[in-house]
K.L.:
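Got a structure for you, written out below as structure tokens; questions coming shortly.
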Amino acid sequence: MTDTIQTPDTPAATFTDFGLHPSILQAVAETGYTTPTPIQAEAMPLVMDGRDVMGAAQTGTGKTAAFTLPILHRLMQYANTSASPARHPVRALILTPTRELADQVSDSVITYSKSTPLRSTVVFGGVDIGPQREALRRGCEVLIATPGRLLDHVEQKNVNLGQVGILVLDEADRMLDMGFLPDLDRIVRLLPAKRQGLLFSATFSNEIRKLGRSYLTNPAEVEVAARNATAENVTQIAYPLAGSEKRAAVVHLVKSRGFNQVIVFSNTKIGTSRLARELVRDGVKAESIHGDKSQLDRMKALDAFKAGELEVLVATDVAARGLDVAGVPCVINYDLPHSAEDYVHRIGRTGRAGKSGEAIAFYAPEEERYLQDIEKLIKSKIPRGHLALPAVSRRPAAPVRGERRAYTPGSAPTRAVDDFFDKPYVPSNTVSSPATPERSKPAAESGKKSIGVLLGGGR
DNA sequence: AAAAAAT
């Protein structure tokens with residue numbers, strides 16, 4: 001980590017150059033940020049001019065501030081300090097795909113609007129609707145929401161969207177993935193036709209362009225060099241590991257590398273819960289976050305992680321996009337995501353704000369194909385490594401109380417595992433010279449042999 | 001393939 005920042009040959013603008021309203025500029029100054037990121041430098045003047053914008057940018061590129069700051073600036077034209085809700089109609093509506101993201105955008109809006117009379121409210125599902133209803137009835141200029149709960153409020157007539165002059169669709173590609181299109185259509189029909197529209201997405205797919213055509217008017221396109229999300233400050237590596245070794249590998253990495261805050265991505269909600277539970281039993285401070293947990297538990301886990309009370313946050317892809325936790329030094333893909341784009345989003349949780357980060361992937365030999373898909377997308381090779389695990393931690397976990405252990409035939413570890421590590425086959429009941437299985441041969445070597453997966457690829 | 005989101 002160096003103190004010097006590599007500057008491109010563009011002149012280093014500062015936030016004072018944008019002509020932001022003084023109250024907003026003051027809040028920016030208090031955050032300590034002075035130099036806008038590329039997406040901010042490009043998008044902010046356009047938004048301040050009232051243009052519609054399609055932006056391609058990962059979160060962590062400063063995207064949230066890139067739309068929040070100019071929106072607040074524009075709203076200051078209407079600002080008043082009256083207590084009447086009628087005097088605080090919703091002027092800007094920001095939609096996000098997940099609840100956590102809505103909460104996070106809300107935090108940002110609160111931060112940047114604190115020296116202004118502008119009010120903001122955030123609404124999303126999974127929590128008591130009452131306080132949200134009260135807040136909406138008190139009035140707010142900026143509303144951040146997930147689509148479902150917003151429509152709920154609309155039906156209950158808690159909010160009127162008839163004066164929304166600015167609409168933001170954040171992580172629009174994700175919203176489409178999640179089937180929000182019908183909800184979005186319903187919401188947009190409630191808005192005035194004359195409005196400013198901003199749409200942010202990781203990529204400009206055909207579907208996104210179509211969405212842009214139907215919701216935006218003559219949008220300017222802002223594409224921040226996709227940074228491949230594999231920013232130079234994120235080191236990537238992939239370790240071939242058998243499923244039975246992955247948990248020990250997490251423990252080993254956390255303990256030996258001294259990572260204080262690691263996000264571990266698993267592909268399933270059940271696997272996520274179980275892994276967190278087992279890690280705790282292994283002496284790792286861990287919690288899980290996924291969509292089957294109550295919103296309260298999700299928020300608790302995230303808050304504990306942000307507060308540094310957890311070493312590991314085990315997560316499904318609910319946390320893959322947009323979540324901004326400062327200073328996460330390492331992301332582990334416990335399972336490889338089956339979509340290469342998800343990989344990019346997941347590892348984007350580390351190496352943020354110019355800090356360095358590590359992205360570690362575990363993979364089984366038959367998953368080599370996914371790794372290659374990812375490499376194709378990010379246009380670079382992910383080095384394969386070999387992780388030497390301390391022999392002792394390879395023992396299977398003792399059963400967690402009240403939980404049935406998966407059935408494992410007592411005397412026969414699966415042959416595939418042993419093949420993979422190029423070891424002689426040793427039934428586990430005869431095992432164990434105490435001076436245990438030093439794996440002399442890098443696992444990656446044997447991984448190379450699985451040519452079958454190469455042939456099997458391609459759709 | 002699985003995840004997320006109103007109840």
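Per chain, numbering begins at 1; letters A, B, ... match sequence-line order.
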K.L.:
What residues, two or more places apart in sequence or in another chain, satisfy salt bridge (charged side-chain N to carboxylate O under 4.0 Å, His left out) together with A:E134?
P.N.:
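Expected list: none.
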
K.L.:
Over all strands shown, is A:R298 touching base, sugar-phosphate only, or nothing at heavy-atom distances under 4.0 angstrom?
P.N.:
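The answer is sugar-phosphate, as A:R298 gets under 4.0 Å only of primed atoms, P, OP1 or OP2.
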
K.L.:
Which donor-acceptor pairs under 3.5 Å do the side chains of residues 327-338 of chain A make with protein atoms, sequence neighbours left out?
P.N.:
unit_1: A:N333; atom_1: OD1; unit_2: A:R346; atom_2: NH1; d: 2.8
unit_1: A:Y334; atom_1: OH; unit_2: A:R247; atom_2: N; d: 3.2
unit_1: A:D335; atom_1: OD1; unit_2: A:K246; atom_2: NZ; d: 3.3
unit_1: A:D335; atom_1: OD2; unit_2: A:S266; atom_2: OG; d: 3.3
unit_1: A:D335; atom_1: OD2; unit_2: A:N267; atom_2: N; d: 2.9
unit_1: A:H338; atom_1: ND1; unit_2: A:Y370; atom_2: OH; d: 3.4

K.L.:
Could I get the full list of salt bridge (charged side-chain N to carboxylate O under 4.0 Å, His left out) partners for A:D103, not counting sequence neighbours?
P.N.:
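Not a single residue meets the salt bridge (charged side-chain N to carboxylate O under 4.0 Å, His left out) criterion with A:D103.
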
K.L.:
Under 4.0 Å from a heavy atom of chain A: give me the 5'-most and 3'-most nucleotides of DNA chain B that qualify.
P.N.:
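Contact boundaries, 5' end first: B:dA1 to B:dT7.
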
K.L.:
Considering residues at least two apart in sequence or located in another chain, which fulfil the ring-ring contact (aromatic ring centres under 6.0 Å, His included) criterion with A:F67?
P.N.:
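A:F67: ring-ring contact (aromatic ring centres under 6.0 Å, His included) contacts with A:F200.
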
K.L.:
Check every strand shown and say whether A:R174 touches a base, only sugar-phosphate, or nothing at a heavy-atom separation below 4.0 Å.
P.N.:
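If one applies the 4.0 Å heavy-atom cut-off, A:R174 turns out to touch nothing in the nucleic acid.
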
K.L.:
Base, sugar-phosphate alone, or nothing: which one does A:G126 contact when heavy atoms must sit under 4.0 Å apart?
P.N.:
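Answer is sugar-phosphate: A:G126 comes under 4.0 Å of backbone atoms only.
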
K.L.:
Just call it for A:N267: base, sugar-phosphate, or nothing, with non-hydrogen atoms closer than 4.0 Å on any strand.
P.N.:
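Result for A:N267 = sugar-phosphate.
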
K.L.:
What do the steps show when you test A:R91 against A:E141 for salt bridge (charged side-chain N to carboxylate O under 4.0 Å, His left out), and what is the final call?
P.N.:
CA-CA 5 Å; A:R91 301 277 190 183; A:E141 283 84 7; over 6 Å; no

K.L.:
Taking only residues two or more places apart in sequence or in another chain, which ones pass salt bridge (charged side-chain N to carboxylate O under 4.0 Å, His left out) with A:R186?
P.N.:
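Result, salt bridge (charged side-chain N to carboxylate O under 4.0 Å, His left out) vs A:R186: A:E155.
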
